[in-house]
Amino acid sequence: MKNIFIIGSKGIPANYGGFETFVDELVTRRKNGNIQYHVSCLAKDDKEFEYNGAHCFNINVPNIGPAKAVYYDVAALKYCVNYIKEHQLENSIVYILACRIGPFVGKYVKQLHSLKCDVYVNPDGHEWKRAKWNYFIRKYWKYSEKLMVKHADLLICDSKNIEKYIQEDYKQYHPKTTFIAYGADTSKSTLLDDDKKLWQWYNEKNVKPKEYYLAVGRFVPENNYETMIREFMKSDTKKDFVLITNVEQNKFYESLKKETHFDKYPRIKFVGTVYDQQLLKKIRENAYGYLHGHEVGGTNPSLLEALATTDLNLLLNVGFNKEVGEIGALYWSKEDGNLACLINKLENIERLKIDDISKKAKERIDKYYSWNLIVRKYEDLF
């Protein structure tokens, strides 16, 4: 029996977030009966429970602000060391998601190596580039990433561009890396076109099927919402731009409103969040196009979901997005007028051309990013 300990996600069953969904899919779709998963969960107690065959352990973390995530990962790592010792498990793997605990990881890696265990790390995206962090937190993230790379036995990158970056930026450590992408679910929404819940949402938001562009994701500067909003306002389209995102108490939202006055433009619609996954999938399916401006991540889950469901996908032309979309998407740059021009061109695109782009996108997801494929790759590796 191979014991795999996974720490760094908020836990399963997944309610939100890329890592949580990944762990849930990995556990739920497990085919190999010789793998036993142990998953850390962020909670307000220390209970242990079973979920789809995985042993889950809660880690109770005090509310200490930004340091909470670091405390959580260290406490979970400590739990893993003690559990492996207590149950005398050999040849286990501890898989750490994200690079939060670099300054603390060395001593635990030493202990795990003495217990004949390997430590794998998923470096995630360029967390140190995110605008929400101040200068000192960004410095910490970069330093922490360096130490995680130094101490890891293997780095599992969910983007080829991230793997290349790890190999180039940290070549002094001769990092051992491999590429396994994030996954997507290509099944259609269970909701029908005339579903009452769907139409209630459309009527409430004053939106019509195939008459809107869509964006889903965190409302943060590095996802290039400013460019997308400005360019949409410049374009001649009569369609809406629907943004599914949480902007409550969001400083970036308030400053962007002041600068662009998008609130005076009725076609730009901030509609809040949608937690019903089947409803969200149907909203994606019925969008005319999807706008994706993410710039600092690895393989972004919302991009995979868009390619799996929406016909036309308009992606910011950066390496992370291009390696996923390839010929199944259209690309824009941050150059003034570039995206507006693309949106105008798509007003008169033939239906056959749309179907062709859509087909290529779905084929890419089925061939390279389906959850069954991703889970099989992980099981082979473990």
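Using a 4.0 Å cut-off between a side-chain N of Lys or Arg and a carboxylate O of Asp or Glu, E363 and K359 qualify as a salt bridge. A salt bridge links R100 with D73: the distance from a Lys NZ or Arg NE/NH1/NH2 to an Asp or Glu carboxylate oxygen falls below 4.0 Å. A salt bridge links D185 with K281; the closest basic N to acidic carboxylate O contact falls under 4.0 Å. A salt bridge does not link E350 with K353: every distance from a Lys NZ or Arg NE/NH1/NH2 to an Asp or Glu carboxylate oxygen is 4.0 Å or more. Between R230 and E259 there is a salt bridge, since at least one side-chain N of the basic residue sits less than 4.0 Å from a carboxylate O of the acidic one. Residues R364 and E326 are paired through a salt bridge, judged by an N-O separation under 4.0 Å between the basic side chain and the carboxylate.
Remark: the backbone N or O of F219 is paired with a side-chain donor or acceptor of N250 at under 3.5 angstrom. The backbone N or O of K160 sits less than 3.5 Å from a side-chain atom of E323, completing a donor-acceptor pair. Between the side chain of S159 and the backbone N or O of F320 there is no donor-acceptor pair closer than 3.5 Å.
Residue N32 holds its CG atom at 9.0 Å from CE of M1, rounded to the nearest 0.5 Å.
Counting side-chain heavy-atom gaps under 4.5 Å among Ile, Leu, Val, Met, Phe, Trp and Tyr, L192 is found in no cluster with other residues. Residues L191, L198, W199, W201, Y202, V207, Y212, L214, V216, V242, I244, V271, L279, L280, I283, Y290 make up the rest of the hydrophobic cluster containing V274, defined by ILVMFWY side-chain heavy atoms closer than 4.5 Å, directly or through other members. Side-chain heavy-atom separations under 4.5 angstrom define the hydrophobic clusters, and the remaining members of the one that includes Y143 are L147.
With hydrogens and angles left out, the side-chain atoms of N338 and E231 include no donor and acceptor closer than 3.5 Å. Checking R218 against N223 by side-chain atom types alone, no donor-acceptor pair falls below 3.5 Å. A donor-acceptor contact closer than 3.5 angstrom links the side chains of T28 and N52. Side-chain contact check for S370 and D366: no donor-acceptor pair (N or O, by modelled atom type) lies under 3.5 Å. A donor and an acceptor atom, one from each side chain of Y72 and S40, are located under 3.5 Å apart. For the residue pair E145 / Y170, a side-chain donor-acceptor distance below 3.5 Å is found, with atom types taken as modelled. A side-chain N or O of Q167 and one of T177 form a donor-acceptor pair less than 3.5 Å apart.
E20 is not listed as a side-chain neighbour of I12, based on a closest heavy-atom distance of 4.5 Å or more. Taking 4.5 Å as the limit, some side-chain heavy atom of T21 sits within range of a side-chain heavy atom of E25. Within the 4.5 Å cutoff, no side-chain heavy atoms of R30 are placed close to those of V375. Residues K142 and D169 meet the side-chain proximity criterion, which asks for heavy atoms closer than 4.5 Å. Side-chain contact between F232 and T237: present, with at least one pair of heavy atoms (C-beta onward) separated by less than 4.5 Å. When side chains are defined from C-beta on, N122 does not count as touching I96, because their heavy atoms never get closer than 4.5 Å. The shortest distance between side-chain heavy atoms of I166 and P123 falls below 4.5 Å. No side-chain heavy atom of L315 sits under 4.5 Å from any side-chain heavy atom of L291.
Taking hydrophobic clusters as Ile, Leu, Val, Met, Phe, Trp and Tyr residues chained together by side-chain heavy-atom distances below 4.5 Å, I7 shares a cluster with I64. Placement of L316 and M233 within a single hydrophobic cluster is found when ILVMFWY residues are connected by side-chain heavy-atom separations under 4.5 Å, directly or transitively. The same ILVMFWY cluster, assembled from side-chain heavy atoms under 4.5 Å apart, contains both L342 and I357. Residues V121 and Y173 share a hydrophobic cluster, clusters being chains of Ile/Leu/Val/Met/Phe/Trp/Tyr side chains in contact below 4.5 Å. Linking Ile, Leu, Val, Met, Phe, Trp and Tyr residues whenever their side-chain heavy atoms come within less than 4.5 Å leaves F179 and L97 in two separate clusters.
For NZ of K269, the number of neighbouring non-hydrogen atoms (other residues, nucleotides, ligands) closer than 6.0 Å is greater than 12. Counted within 6.0 Å of OH on Y368, heavy atoms from surrounding residues, nucleotides or ligands total 12 or fewer; the atom is thus considered open. For K345, the NZ atom counts as loosely surrounded, since its 6.0 Å shell holds 12 or fewer non-hydrogen atoms of other residues, nucleotides or ligands. By the 6.0 Å contact criterion, NZ on K188 is open, its count of non-hydrogen atoms from other residues, nucleotides or ligands being 12 or less. By the 6.0 Å contact criterion, NZ on K146 is open, its count of non-hydrogen atoms from other residues, nucleotides or ligands being 12 or less. Within 6.0 Å of CD1 in I327 there are 12 or fewer heavy atoms belonging to other residues, nucleotides or ligands. Taking a 6.0 Å sphere around NZ of K362, one finds it holds more than 12 heavy atoms contributed by other residues, nucleotides or ligands. Within a 6.0 Å radius of OH in Y71, no more than 12 heavy atoms belonging to other residues, nucleotides or ligands are found.
The minimum heavy-atom distance linking W332 with L314 is given by the pair NE1-O, 3.0 Å.
With sequence neighbours left out, the ring-ring contact (aromatic ring centres under 6.0 Å, His included) criterion links Y83 to F5, H38, H55, Y79, H87. Every residue two or more places apart in sequence or in another chain was checked for a ring-ring contact (aromatic ring centres under 6.0 Å, His included) with Y369, and none qualifies. Taking the side-chain contact (heavy atoms from CB on, under 4.5 Å) definition, one finds that D355 meets it with R351, sequence neighbours left out. S114 meets the side chain to side chain donor-acceptor pair (under 3.5 Å) test with no other residue; sequence neighbours excluded. A search for ring-ring contact (aromatic ring centres under 6.0 Å, His included) contacts involving Y37 returns nothing, not counting sequence neighbours. A search for ring-ring contact (aromatic ring centres under 6.0 Å, His included) contacts involving H292 returns H294, not counting sequence neighbours.
Note that K10 lies outside the cation-pi zone of F19, set by a 6.0 Å cut-off to the ring centre and a 45° limit from the axis.
Within the structure, the salt bridge (charged side-chain N to carboxylate O under 4.0 Å, His left out) test picks out no pair touching residues 42-69 (sequence neighbours left out). Pairs passing the ring-ring contact (aromatic ring centres under 6.0 Å, His included) check and including a residue from residues 95-117, sequence neighbours excluded, read Y95-Y378.
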Salt bridge (Lys or Arg N to Asp or Glu O under 4.0 Å) between K334 and E295, worked out: CA-CA 11 Å; K334 290 196 271 185; E295 194 169 11; 3.1 Å; yes
Evaluation steps, salt bridge (Lys or Arg N to Asp or Glu O under 4.0 Å), between K282 and E285: CA-CA 5 Å; K282 195 70 182 172; E285 286 172 14; 3.6 Å; yes
Derivation and outcome, salt bridge (Lys or Arg N to Asp or Glu O under 4.0 Å), residues E347 and K238: CA-CA 9 Å; E347 288 295 285; K238 297 289 183 283; over 6 Å; no
Working for salt bridge (Lys or Arg N to Asp or Glu O under 4.0 Å), residues K205 and D240: CA-CA 11 Å; K205 309 301 179 190; D240 293 322; over 6 Å; no
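Under the ring-ring contact (aromatic ring centres under 6.0 Å, His included) rule, F270 has a single partner from Y265, F241, F262, which is F262.
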Side chains of residues 303-310: which donor-acceptor pairs under 3.5 Å do they make with residues two or more places apart or in other chains?
from: E305; atom 1: OE1; to: R284; atom 2: NH2; distance (Å): 3.0
from: T309; atom 1: OG1; to: E305; atom 2: O; distance (Å): 2.6
from: T310; atom 1: OG1; to: R284; atom 2: O; distance (Å): 2.9

